[in-house]
Every structure is written in C-alpha cells, then in structure tokens.
Amino acid sequence: MRIVVKVGTSTLAHAGGRLNIRRVELMCKVLSDIKNAGHQVILVSSGAIGMGTGKLGLPGRPGDMPGKQAAAAVGQCELMYTYDKLFSQYSHVVAQLLLTAEDIHHSGHSAHVKDCLERLLEWNALPIINENDAVAIDEIGIHTTIGENDSLSAIVARLVDADMLVLLSDIDGLYTADPRKNPDAVLIPRVDAITEDILALAGGTGSSLGSGGMATKLRAAQIVMEAGIDMVITNGEQPDILYDIVDGKAVGTRFMGKD
Ligand code: GLU
C-alpha cells in the first residue's frame, strides 16, 4: 500500500509547542515498521511554526507574517533533525520537501514534485513534506501559501495516486456535534459523500498551535475521494493505531473514495 500520513502540530507537540517526545518516538517507530512490512509511506508533517515557537521561547504562536516565517525557519530544522534522528534508529532515510502553492498548483512544477517523490519511494526513502512557511507569503497579486497541511496532504496523496490518506489529529474522527462541547456527540464511522449536512458538522480551527480544523479536513476528504482515494481521520494520541488502519480495521472516520 502507498500511504500518505499527515500529522498535525497538536499531535507532535505539547500545548506550549515543545516536542511530545514519547508520542513522536512511537510514531516514527510505527511508521518505520509499516515501511519494513513493505508499504510505502509519505509523511506530511506540520509543526514547524509550533516547534519554532517553543524552541525560541516565544509566548505564543506569532501572529504576523515575518514572525511566522522566522518561527518556521527555526522549527523546520528542529523537526527534520528530530525525524532524521528517530528514523535513523530504524535504518530509514528521510528526505525533506518544502512546498509552496506554486509547486502544487502549477502542473509543470507538480509533475517534477511527483517525479522526485516517485524516485524517493523507489529508493526506499521516507519523504517528509511541509509547506515552505519561511518563504510562502500572500500579498496582493502574490499568492504562494497553501495555508494548512490537511489540503496539502490531500493534494500530495492525489499527486502520487496513494491508496490511502490518514490524518492524525487531536480528535477521534468526525462527530455528529463538537465532542468538546456536546457530550451527546457520536462518532461517524463512515462517510460516503461530502454532503451539505456533513459540511455543516465542521466547526472552526481546533488547537492554538496548529492551523487546521474539521473544515480543512473535509476539504481534504473532498479532494481525495474525488480521486478515488480513501481517507481516515483518527486520533494521533496512540500512533500504533496506524497498524489497525493498515490492517483495514475500522478506526476513526473513514471517507470512502469514489470507485
Ligand atoms: N506548515 C505549518 C507548520 O509546519 C502547519 C500548517 C498546519 O497546521 O496545517 O507549522
């Protein structure tokens, strides 16, 4: 199987932005094992801005563009340093791809990104992708940001014709209401189409460090389902849940790709 796994800042870091060592170590171990079992894995990892915020000791995620760029420049190094160290323990080679909107929306560019990813997979490396937050900016007439990694991971999954996209989040899946506010909320195990009713279930942004939320996850689902790719949203708290997903067990919410 070719699997794209997207991990959000809320899974990688503690609330203050510092690395959640236990969780990230386990995630890297499980992903290494899944690769050892013969699957191809691409990791789309957030965390640059969040980890930069933590490493620089800033009081919170910067609100201005230069602040975000600078925090990402610091955090991205920390992120890849961490991944390189952890995956090396299991003899896996990591590769970093930092993308902007131009790289994925411009068909000439995206073909080159695809070629690079295909070669990395052929060489059994583990591509780790993030948005190039240090240089991607939005100005009048210039639009180079993607903005969040849920959509980025969906676009990557579509680009490489993955078998599945897994979004590791701080929530178990899509619920009938916001489970943080409503105790009667029930997990929806399977979604066959993104209807108006499903879209209405999405609230705003989830955590203070990341920039995603259910709305961006449903947008990601739309992108991959249209391309015939299944997507699973599940809680990244216990990364070994990835074994169950690879084994085809019912986990979180599964969005069924069109046949
Ligand atoms: N690219 C951002 C970062 O690494 C994260 C975007 C997102 O949270 O989806 O901090």
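First listed ligand is number 1; within each ligand, the first listed atom is number 1. Each residue takes its place number in the sequence, starting with 1.
- Considering both main-chain and side-chain atoms, Glu131 never comes within under 3.5 Å of ligand 1 through any nitrogen or oxygen pair.
- Formation of a donor-acceptor pair under 3.5 Å by the Thr144 side chain with backbone atoms of Ile137 is found in this model.
- The shortest separation from a heavy atom of Gly47 to ligand 1 is under 4.0 Å, placing the residue in contact.
- With a 4.0 Å heavy-atom cut-off, ligand 1 is reached by the backbone of Ile49 and by its side chain too.
- In terms of polar-atom proximity, Asn149 is counted as a contact of ligand 1, with an N or O under 3.5 Å from an N or O of the ligand.
- The main-chain N or O of Thr100 is found under 3.5 Å from a side-chain atom of Asp103 such that the two form a donor-acceptor pair.
- Using modelled atom types, one finds no donor on one side chain facing an acceptor on the other under 3.5 Å when comparing Glu25 with Gln89.
- Grouping the Ile, Leu, Val, Met, Phe, Trp and Tyr side chains by contacts below 4.5 angstrom, directly or via other members, places Ile241 apart from Met231.
- The distance criterion of under 3.5 Å between nitrogen or oxygen atoms is met by Asp133 with respect to ligand 1.
- Tested against Met225 for a side chain to side chain contact (heavy atoms under 4.5 Å, CB included), the candidates Leu165, Ile194, Asp192, Asp230 yield a single pass: Ile194.
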